[in-house]
Amino acid sequence: MSLLSDLVNLNLSETTEKIIAEYIWIGGSGMDIRSKARTLNGPVSNPHKLPKWNYDGSSTGQAPGEDSEVIIYPQAIFKDPFRRGNNILVMCDAYTPAGEPIPTNKRYNAAKIFSHPDVAAEETWYGIEQEYTLLQPNVKWPIGWPLGGFPGPQGPYYCGTGADKAFGRDIVDAHYKACLYAGVNISGINGEVMPGQWEFQVGPSVGISAGDELWVARYILERITEIAGVVLSFDPKPIQGDWNGAGAHTNYSTKSMRNEGGYEVIKKAIEKLGLRHKEHIAAYGEGNERRLTGRHETADINTFLWGVANRGASIRVGRDTEKAGKGYFEDRRPASNMDPYVVTSMIAETTILWKP
């Protein structure tokens with residue numbers, strides 16, 4: 001008699017050319033990742049050759065019950081690390097039947113910004129540092145923490161090793177490998193300052209692909225924590241008190257910044273970001289005011305400041321960039337629950353297109 005795991009791991013390519021495509025989209029809250037699967041007659045490598053599909057938007061908070069159909073357009077394809085073989089994950093965005101992007105479709109406007117000739121010419125690179133917290137189910141308390149109590153103070157946990165310092169490493173490593181398998185440009189992982197909190201980095205990715213890759217990496221992590229029976233949190237301050245929050249620091253450069261004389265371009269870009277500080281903060285994630293307090297490696301939410309190697313700044317420039325006179329900078333303001341389509345395109349718009 002077959003075990004359930006044997007059937008889950010069946011290799012379809014031995015008996016059929018048909019494949020399974022898991023269509024992924026973002027639900028009504030802006031952070032809930034939804035997905036459903038369909039059978040295709042054979043492998044597909046171009047997302048625009050995949051069929052559009054639909055879902056019940058009244059069940060995701062994205063359409064009224066009397067007109068509930070939302071259409072999803074395939075935008076990016078990744079290999080499926082769960083079903084493997086020729087099966088695929090498909091990142092989609094959402095439209096009305098008339099072809100208008102629905103309000104929660106943040107990819108549409110981002111793609112318009114990235115396709116602008118001035119932005120495309122600058123070949124915008126992004127590296128996003130996604131922090132997250134692993135919680136015990138039912139009680140919503142970080143894994144590794146005593147139930148109803150607290151571990152020892154922060155200090156030994158950042159990049160720590162050992163059963164009393166690193167909690168959930170099997171989930172983190174499974175996610176790392178699954179992302180590499182899928183074709184997500186994941187560049188690293190590390191344990192974070194608060195126990196039970198971890199980080200993965202995606203990038204360098206160009207333009208709109210940074211958002212696609214981060215959303216698919218989040219989806220894969222949601223699926224892995226589902227298997228492990230652990231709750232995944234992107235809350236920017238999951239535990240109040242003397243504990244670090246969770247961010248999504250966004251590293252950014254343009255061709256002009258990477259070329260000789262780029263440091264001056266970087267300083268002008270940072271100046272523009274400072275002039276639009278309030279607009280960026282408003283778009284950088286819900287609950288960020290609980291995280292950006294001026295403590296725990298953050299700048300106060302109402303203050304814009306930048307510095308070299310300063311982790312208490314809004315914008316940090318690395319020592320290597322200052323020394324080389326070219327390179328990149330890090331926007332430390334985005335919260336862990338930010339929408340990467342919004343953040344990446346807004347940084348490009350402000351630094352390249354916006355005229356003060």
Side-chain angles (χ1 to χ4, degrees), residues 27 29-33 128-179 186 188-202 214 217-249 281 284-302 310-313 316 332-338:
S29 74
M31 271 307 290
D32 54 320
I33 308 173
I128 302 173
E129 305 169 29
Q130 175 69 72
E131 295 178 339
Y132 60 92
T133 310
L134 299 174
L135 304 177
Q136 302 170 48
N138 304 321
V139 293
K140 301 293 175 70
W141 200 240
I143 63 170
W145 289 40
L147 204 57
F150 296 88
Q154 295 184 154
Y157 310 108
Y158 171 69
C159 298
T161 54
D164 57 344
K165 303 177 202 71
F167 311 118
R169 191 186 296 276
D170 52 346
I171 292 169
V172 175
D173 270 352
H175 176 249
Y176 196 172
K177 288 186 174 181
C179 283
I186 187 170
I189 56 99
N190 61 268
E192 267 305 329
V193 177
M194 188 183 89
Q197 195 176 77
W198 294 81
E199 172 184 303
F200 66 89
Q201 303 94 33
V202 167
L214 190 75
R218 284 173 170 177
Y219 171 80
I220 292 171
L221 185 54
E222 287 274 20
R223 288 281 305 274
I224 290 170
T225 53
E226 173 190 321
I227 293 165
V230 169
V231 175
L232 173 62
S233 172
F234 291 112
D235 190 293
K237 186 73 174 179
I239 305 294
Q240 295 304 306
D242 196 14
W243 304 98
N244 273 37
H249 301 158
I281 286 294
Y284 273 17
E286 299 253 341
N288 213 5
E289 71 283 350
R290 293 183 281 117
R291 168 180 161 261
L292 297 181
T293 60
R295 299 183 64 218
H296 304 112
E297 301 178 69
T298 70
D300 181 83
I301 195 165
N302 297 311
N310 182 359
R311 283 182 159 76
R316 181 185 68 87
R332 297 178 61 80
R333 297 171 295 173
S336 49
N337 60 1
M338 64 80 155

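Only this structure's heavy atoms are used, side chains among them; waters, hydrogens and symmetry mates stay out. We're numbering straight along the sequence, starting at 1.
Considering OG of Ser336 and NE2 of His249, their distance stands at 10.0 Å, rounded to 0.5 Å. Atoms CD and CG, from Glu297 and Asn310 in turn, are 10.5 Å apart once rounded to the nearest 0.5 Å. Once rounded to the nearest 0.5 Å, the distance linking CG of Leu232 with CG of Leu134 reads 6.5 Å. Expressed to the nearest 0.5 Å, how far NZ of Lys177 lies from CD1 of Ile224 amounts to 11.5 Å. Rounding to the nearest 0.5 Å places CG of Leu147 at 9.0 Å from CH2 of Trp141.
Between Ile186 and Ile189 the shortest heavy-atom distance is CD1-CG2, 4.4 Å. Contact between Asp32 and Ser29 at its shortest, heavy atoms only, is OD1-OG, 2.6 Å. Taking both residues in full, the closest heavy atoms of Gly285 and Ala335 are given as CA-CB, 4.1 Å, listed atom of the first, atom of the second, then distance. Across every non-hydrogen atom of Val202 and Ala217, the tightest pair is CG2-CB, 4.3 Å. Of all heavy-atom pairs spanning Gln136 and Val139, the tightest one is CB-CG2, 3.6 Å. Closest approach of Ala166 to Thr161, counting heavy atoms only: CB-CA, 4.5 Å.
With hydrogens and angles disregarded, a donor-acceptor distance shorter than 3.5 Å links the side chain of Asn288 to the backbone of Arg333. Judged purely by atom type and a 3.5 angstrom limit, Glu131 has no side-chain atom pairing as donor or acceptor with the backbone of Ala248.
The environment of OH in Tyr158 is sparse: at most 12 heavy-atom neighbours from other residues, nucleotides or ligands sit within 6.0 Å. Around the CD atom of Glu286, the shell of radius 6.0 Å holds no more than 12 heavy atoms that belong to other residues, nucleotides or ligands.
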Show which side-chain atoms of residues 191-200 pair as donor or acceptor with protein atoms under 3.5 Å away, not counting sequence neighbours.
{"from": "Glu192", "atom 1": "OE2", "to": "Asn190", "atom 2": "ND2", "distance (Å)": "3.2"}
{"from": "Gln197", "atom 1": "NE2", "to": "Thr133", "atom 2": "OG1", "distance (Å)": "3.4"}
{"from": "Trp198", "atom 1": "NE1", "to": "Phe167", "atom 2": "O", "distance (Å)": "2.8"}
{"from": "Glu199", "atom 1": "OE2", "to": "Gln201", "atom 2": "NE2", "distance (Å)": "2.6"}

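The salt bridge (charged side-chain N to carboxylate O under 4.0 Å, His left out) test applied to Arg295 returns Asp242, not counting sequence neighbours. Scored by the salt bridge (charged side-chain N to carboxylate O under 4.0 Å, His left out) test, Arg316 finds Glu330 as partners (sequence neighbours excluded). Not counting sequence neighbours, Asp164 has no partner by the salt bridge (charged side-chain N to carboxylate O under 4.0 Å, His left out) test.
The closest side-chain heavy-atom distance from Ile171 to Leu221 is below 4.5 Å. Looking only at side-chain heavy atoms (C-beta outward), Trp145 and Ile239 come within less than 4.5 Å of each other. At least one side-chain heavy atom of His296 sits under 4.5 Å from a side-chain heavy atom of Lys237. Contact check for Tyr284 versus Pro236: no side-chain heavy atoms found under the 4.5 Å cut-off. Counting heavy atoms from C-beta outward, Thr298 and Arg332 have side chains that stay 4.5 Å or more apart. Two residues are said to be in side-chain contact when any heavy atoms from C-beta on lie closer than 4.5 Å; Leu292 and Ile281 meet this criterion.
Within the structure, the salt bridge (Lys or Arg N to Asp or Glu O under 4.0 Å) test picks out no pair touching residues 165-175 (sequence neighbours left out). Within the structure, the side-chain hydrogen bond (donor to acceptor under 3.5 Å, both in side chains) test picks out the following pairs touching residues 218-230 (sequence neighbours left out): Ser35-Tyr219, Gln130-Arg218, Tyr219-Arg223.
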